[in-house]
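Chain letters run A, B, ... following the sequence lines, proteins first, then strands; residues in each count from 1.
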There are 2 protein chains.
Amino acid sequence: MSYCYEYPHPAVTTDVVAFTVIRDDLQVLLIRRARPPYRGAWALPGGFINPDETLEECVRRELEEETGIDDVFMEQLHTFSAPDRDPRERVITTAYYALVPPNRQEIRGASDAAEARWFALEGLPPLAFDHAHIVRTARARLVEKLEDPATAFRLVLDVFTLSDLQRVHEAILGVAIDKRNFRKKILGQGLIEETGAKRQCGAHRPAMLHRVIE
Amino acid sequence: MSYCYEYPHPAVTTDVVAFTVIRDDLQVLLIRRARPPYRGAWALPGGFINPDETLEECVRRELEEETGIDDVFMEQLHTFSAPDRDPRERVITTAYYALVPPNRQEIRGASDAAEARWFALEGLPPLAFDHAHIVRTARARLVEKLEDPATAFRLVLDVFTLSDLQRVHEAILGVAIDKRNFRKKILGQGLIEETGAKRQCGAHRPAMLHRVIE
DNA sequence: TCAAAAGTGTTGGCTGTACACCCATGG
DNA sequence: CCATGGGTGTACAGCCAACACTTTTGA
């Protein structure tokens, strides 16, 4: 009890809603809490801020500590401040969302996380704190952010097929998209180019590989 | 020094970028600080959170205390957390933006504000802390939010002319808009209706008054 | 009768959507 | 030769931008 202030100060944490697309599903990264409160419950990765770091530094550190994921795209989502959202003390949390491409999906549970797992968005377990609310907010934001073509590129590998990209859009929006219209739109943006190589997987025609220009 | 914690806790504040349109200009509400740090400098209205209030309650309270404005539309903008953004101690601030219609523009400086004034966005004085950065962020958000027709409605009276509404759009975007295209688009949304009354002001044809439907 | 803001339609380009078939490959 | 996903074009509708003159009023 050695940090004293003239006025009450809330605790400040960060939490992150890390999204990825696996097969045809939008998935979210959860950890099982190793400590009370909500010990054993599933929750978003996150934790308390240190005095010398920004919120973004904090959330990247916590994500790396608890799940091993680092160096992914992240953006601030919203700050949640209901006075009773944490049973221990007054805790204000700034939530971020992260976009994790397929080659960064490898996770390990560590630090305050007994376990870490990807969950399809439909069919999440009950979540600790107000984390279900945070996940809903993040999902809505992701749908909006999909209008920026850069968003979907962050959820595929550096080299990808147009079908890969379409799967990302479909998983996020939860609807089927017409293939010809999708390709016309994407190619019309002039943001990607063919690599020249093709990818063969399965008993069918190989797909042209593309990359983002520059 | 009576509030003690096991780990260091940052101070948490809110700040608000209150926008209004006066004549043809987008304006921002600033206060002159009555206390150090930055005593005498212009800054955004805002202040420290109380233990039992949410961030939104805090920002509404501070805006009312310092400028007398209450009951306006507000939305969370971003949380700013550079460790050295306040010279006193570690302060994390959650910024909101507010939309103030013409009948709520009356202000008085009170509490921690020696003075309160509307400033045109082009031509702000030097601002305390990182508030210039916050204002830039808010302005960019407001431009995005203008795509939602509800945004402009919040910056005019309940009963307004199409020219009023167009002035709001032009002030925010900083460009001239074609009158016929603007009216066609707005009326095509089916969100407003004529009140039947007209407004006469100046030596020219009176304008039809409109209101938002429902 | 002049100044000042209100009000009013048409056209062309672009964008988004609906829709069906052939191609390349492995098994 | 069959199953599987890859790849392709056209036609219609809705949206946006450009563009100029008449109306109503007070001075």
Check: Taking A/N50 for the side chain and A/D52 for the main chain, is one N or O donor matched with an acceptor at less than 3.5 Å?
Finding: no
Check: On DNA chain C, nearest-nucleotide positions of A/G202 versus B/N181: which is more 5'?
Finding: B/N181
Notebook entry, point to check: Rounded to the nearest Å, what distance is computed from the CZ atom of residue B/R167 to the C1' atom of nucleotide C/dA6?
Noted result: 11 Å
Check: Expressed in angstrom and rounded to an integer, what is the separation of A/R199 atom CZ from D/dT4 atom C1'?
Finding: 16 Å
Next item on the list: Report yes if at least one side-chain N or O of A/S163 is closer than 4.0 Å to OP1 or OP2 of D/dG5; otherwise report no.
Entry: no
Item checked: Closest listed nucleotide, where the reference is the side chain of A/M208 and the choices are C/dA6, D/dG7, D/dG26 -> D/dG7
Checklist line | Nearest to side-chain heavy atoms of B/R205, which nucleotide of D/dA27, C/dG7, D/dG5 | finding: C/dG7
Check: What about A/K184, does its side chain sit under 3.5 Å from the base of C/dT17 through a donor-acceptor pair?
Finding: yes
Next item on the list: Please evaluate the base of C/dG16 for a donor-acceptor partner in the side chain of A/K185 within a cut-off of under 3.5 Å?
Entry: no
Checklist line | Ring geometry between A/F19 and A/Y97 (parallel below 30°, tilted from 30 to 60°, perpendicular above 60°) | finding: tilted
Margin query: If you apply the rule side-chain hydrogen bond (donor to acceptor under 3.5 Å, both in side chains), what do you find for A/T20 with A/Q105, and how did you get there?
Written below: CA-CA 8 Å; A/T20 205; A/Q105 287 166 353; 2.9 Å; yes
Check: To the nearest Å, how far apart are A/L209 CG and D/dG7 C1'?
Finding: 14 Å
Next item on the list: Would you state whether a donor and an acceptor, one from the side chain of A/R180 and one from the base of C/dA20, lie under 3.5 Å apart?
Entry: yes
Next item on the list: Using whole Å, report how far CD of A/E194 lies from P of D/dG6.
Entry: 15 Å
Next item on the list: Send over the distance from A/H210 NE2 to D/dG7 P, rounded to a whole Å.
Entry: 7 Å
Notebook entry, point to check: OP1 or OP2 of D/dG7 sitting under 4.0 Å from any side-chain N/O of A/R183?
Noted result: yes
Checklist line | Main-chain N/O of B/I177 paired with B/Q166 side-chain donor or acceptor, under 3.5 Å | finding: yes
Item checked: Residue pair A/D148, A/T151: steps toward the side-chain hydrogen bond (donor to acceptor under 3.5 Å, both in side chains) verdict -> CA-CA 6 Å; A/D148 178 352; A/T151 300; 4.6 Å; no
Next item on the list: Please tell me which of B/P206 and A/A203 maps to the more 5' nucleotide of DNA chain C, matching each residue to the nucleotide holding its nearest heavy atom.
Entry: B/P206
Next item on the list: Kindly say whether, by distance alone, the side chain of B/K198 makes a donor-acceptor pair under 3.5 Å with the base of D/dT25?
Entry: no
Next item on the list: Round to a whole Å and report the spacing from NZ of A/K179 to C1' of D/dT4.
Entry: 10 Å
Notebook entry, point to check: Quick one: B/I177 CD1 to D/dA18 P, roughly how many Å, whole number?
Noted result: 12 Å
Next item on the list: Report the distance from atom CD of A/E147 to atom P of C/dT15, rounded to the nearest whole Å.
Entry: 15 Å
